[in-house]
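Notes follow once the structure below has been shown.
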Amino acid sequence: MAQDQIKALTGMNDVLPGQSQVWRYLEGQVKAVLDGFGYQEIRMPIVEQTNLFKRSIGEVTDIVEKEMYTFNDRSDRSLTLRPEGTASCVRACDEHQLIANNKRQRLWYMGPMFRYERPQKGRYRQFHQIGVETFGMASADIDAELIIMTHQLWQRLNIREKVTLELNTLGSSEARANFKAALVDYLSERKDQLDEDSQRRLSTNPLRILDSKNAQTQALLNDAPNFQDYIDEESAEHFSHLRALLDAVGVEYVINPRLVRGLDYYGKTVFEWVTNELGAQGTVCAGGRYDGLVEQMGGKATPAVGFAMGIERLILMLEAMDAVPEHVLSYVDVYLVSELEVADKAMVLAAKLREQMPNLRLQMHMGGGKMKKQMKQANESSARFAFILGENEIANGQVSIKDLRDNAEQISLSQDEAANWLTEQLTA
RNA sequence: GUGGCCGUAGCUCAGUCGGUAGAGCGCAGGAUUGUGAUUCCUGUGGUCGAGGGUUCGAUCCCCUUCGGCCACCCCA
């Protein structure tokens, strides 16, 4: 290997052939579920004005303070590679009047996000999310729909048993502010008993202290102010409505009063799907309600709920659980080999088959070579069948077919019958 | 940003108490001029992550640096 070889940047990964098959499988399953619920795709730019993220995510969050890929372009404007999708989505919806006058929208997007963090398992500097955002719907039924939708996805992906839904409500901004003040009062008096990180969070993001992994801090929190005493009535009703809907549909959840979420814009419902299959990065999908964000960003007050899931994390899960179906790795149905003398006839047969079967995945051997070599290529191609053309077959208008998976007897068919026979085999 | 572990062939790893390296798998060819996945034979494989220091001599010891993995912080 060359020493001065240029390599991919830290935390930015190539998705190689084979891996990409799994990505396409996952994306396909997600799209199928989204289609089933009538959600529409929206595609936003990957780069935005830096201020968009500062305004939406919150100036004092870690994302904005130290994790953004921010640079000046040639016109000296400050631009940022998006660290998440919600801000861009809200911007696009407002800019194009998609949510004017509380018009309802159910939207999704998929693509790369960028955060300058130290990579570790399930966390990369360029990572990929599938995000879902809904606008114009204030009642808890849409919160429930989103959760039910993800629940259905886990079932489709066969990972349902290994993910747990954690649920909480953050209440109204007033309730949250009151609670935050009380919490800060309580903890400030006991500051010396807090772990170092939590002491810092006391001034930056006190609610996050609830999330602390430090045992002593958690013990201290047992006697701290309880959010139940601060929650506003409307949020409490919203939450119980959501719970009733999930109960009715049979989606199980765990109430986690200490689930807070890092971004400033969340209020009322927050949820996370977590797993212990992935080491430290156990959150596979997370979201919540952000009724205040659209207005905060200069639009009209518009209720909104959404979530995002991490594609890399889901793929790690699929692999950890061995939940990738066999057929996903196959990318060829038929591998066509031929003797050099009839290679042009093979081209003609391939063209004919492709015309008759638009969905057929047919790969042709190129460059001739010995039959042994061609068959070896066929075997490695993931094809189920090798189609063999030699002078004998051409003389009889036939094609020989070998099943590469089981050791069935090789057969010969008339070339005209091949398409029908294949259709039968591949749909069986 | 902080901490721990690790960098030897395409991959997984061994090794040299300091004398410029080896296995398995893979890959290529052949046994088998119309047949893969099994078997057998042959071949291909490396500036031992990079730079510097000590030394007659460094892949090995020391320093620096880069990269990877995992964890903290934080998040999908």
Side-chain angles (χ1 to χ4, degrees), chain A residues 1-11 13 16 57 60-68 82-86 110-132 150 195-198 200-201 204-205 208 211-214 260-263 272-275 278-287 306-317 335 337-342 365 369-394 400-407 409-410 412:
Chain A
M1 192 197 297
Q3 316 86 35
D4 52 355
Q5 187 185 26
I6 295 177
K7 297 205 256 185
L9 296 171
T10 295
N13 301 116
L16 302 177
I57 298 168
V60 298
T61 56
D62 275 23
I63 290 179
V64 170
E65 278 188 335
K66 53 182 201 187
E67 292 174 4
M68 294 205 302
R82 62 181 185 194
E84 57 115 43
T86 301
M110 170 163 63
M113 309 292 164
F114 301 85
R115 290 181 202 171
Y116 193 92
E117 305 176 88
R118 286 284 279 272
Q120 70 189 70
K121 187 179 179 128
R123 178 215 278 171
Y124 311 99
R125 289 188 173 175
Q126 176 178 337
F127 62 104
H128 298 78
Q129 286 187 333
I130 295 164
V132 177
T150 52
D195 62 276
E196 207 179 312
D197 285 321
S198 293
R200 182 174 47 76
R201 278 180 284 208
T204 56
N205 197 347
R208 282 224 70 100
D211 247 1
S212 173
K213 290 175 187 170
N214 184 285
V260 169
R261 317 251 337 110
L263 304 152
E272 278 188 22
W273 287 97
V274 297
T275 179
L278 295 183
Q281 309 303 325
T283 302
V284 118
C285 170
F307 66 82
M309 49 196 160
I311 297 183
E312 284 86 350
R313 289 184 186 177
L314 285 169
I315 287 184
L316 284 171
M317 257 206 97
Y335 193 92
V337 308
S338 62
E339 291 181 304
L340 197 56
E341 295 76 18
V342 298
H365 184 83
K370 293 183 178 175
M371 192 55 72
K372 178 189 171 77
K373 183 182 177 181
Q374 296 197 32
M375 288 303 289
K376 196 173 176 182
Q377 298 278 331
N379 191 51
E380 285 163 10
S381 75
S382 85
R384 177 157 170 211
F385 299 108
F387 274 32
I388 301 156
L389 273 189
E391 292 184 279
N392 292 343
E393 282 80 3
I394 295 302
S400 292
I401 299 171
K402 183 153 190 172
D403 190 320
L404 295 169
R405 268 189 230 165
D406 39 47
N407 280 317
E409 194 76 12
Q410 182 169 313
S412 289

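Below, read A as the first sequence line, B as the second, and so on, with proteins coming before strands; counting in each chain starts at 1. This is a predicted model, so every value here is computed, not measured.
Residues passing the side chain to side chain contact (heavy atoms under 4.5 Å, CB included) test with A:Ser382 are A:Ser330, A:Tyr331, A:Val332, sequence neighbours excluded. With sequence neighbours left out, the side chain to side chain contact (heavy atoms under 4.5 Å, CB included) criterion links A:Val260 to A:Leu207, A:Leu210. When the salt bridge (Lys or Arg N to Asp or Glu O under 4.0 Å) test is applied to A:Lys66, the partners found at least two apart in sequence or on another chain are A:Asp62. Every residue two or more places apart in sequence or in another chain that forms a side chain to side chain contact (heavy atoms under 4.5 Å, CB included) with A:Gln126 is listed here: A:Met12, A:Pro112, A:Phe114, A:His128. Scored by the side-chain hydrogen bond (donor to acceptor under 3.5 Å, both in side chains) test, A:Ser381 finds no partners at all (sequence neighbours excluded). Scored by the salt bridge (Lys or Arg N to Asp or Glu O under 4.0 Å) test, A:Arg200 finds A:Asp197 as partners (sequence neighbours excluded). Scanning for side-chain hydrogen bond (donor to acceptor under 3.5 Å, both in side chains) contacts around A:Arg125 gives an empty result, with sequence neighbours left out. Here A:Ala386 pairs with A:Met375, A:Ala378, A:Lys402, A:Leu404 under the side chain to side chain contact (heavy atoms under 4.5 Å, CB included) rule; sequence neighbours left out.
Shown for residues 384-393 of chain A: residues whose heavy atoms fall under 4.0 angstrom of RNA chain B, namely A:Ile388, A:Asn392, A:Glu393.
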Open item on the list: Let me check I have this right: for RNA chain B, each base becomes ., (, ), [, ] or |, based on Watson-Crick or G-U pairs with both distances under 3.5 Å. What is the full string?
Closed with: (((((((..((((.....[..)))).(((((.......))))).....(((((..]....))))))))))))....
Open item on the list: So if I define the base as every atom that isn't primed, P, OP1 or OP2, how would nucleotides 26-31 of chain B read as a B/S/- string at a heavy-atom cutoff under 4.0 Å?
Closed with: -SSSSB
Close N or O pairs between protein and nucleotides 4-6 of chain B (under 3.5 Å):
none

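Contact annotation: side chain of A:Gln410 to base of B:rU35, donor-acceptor pair present below 3.5 Å.
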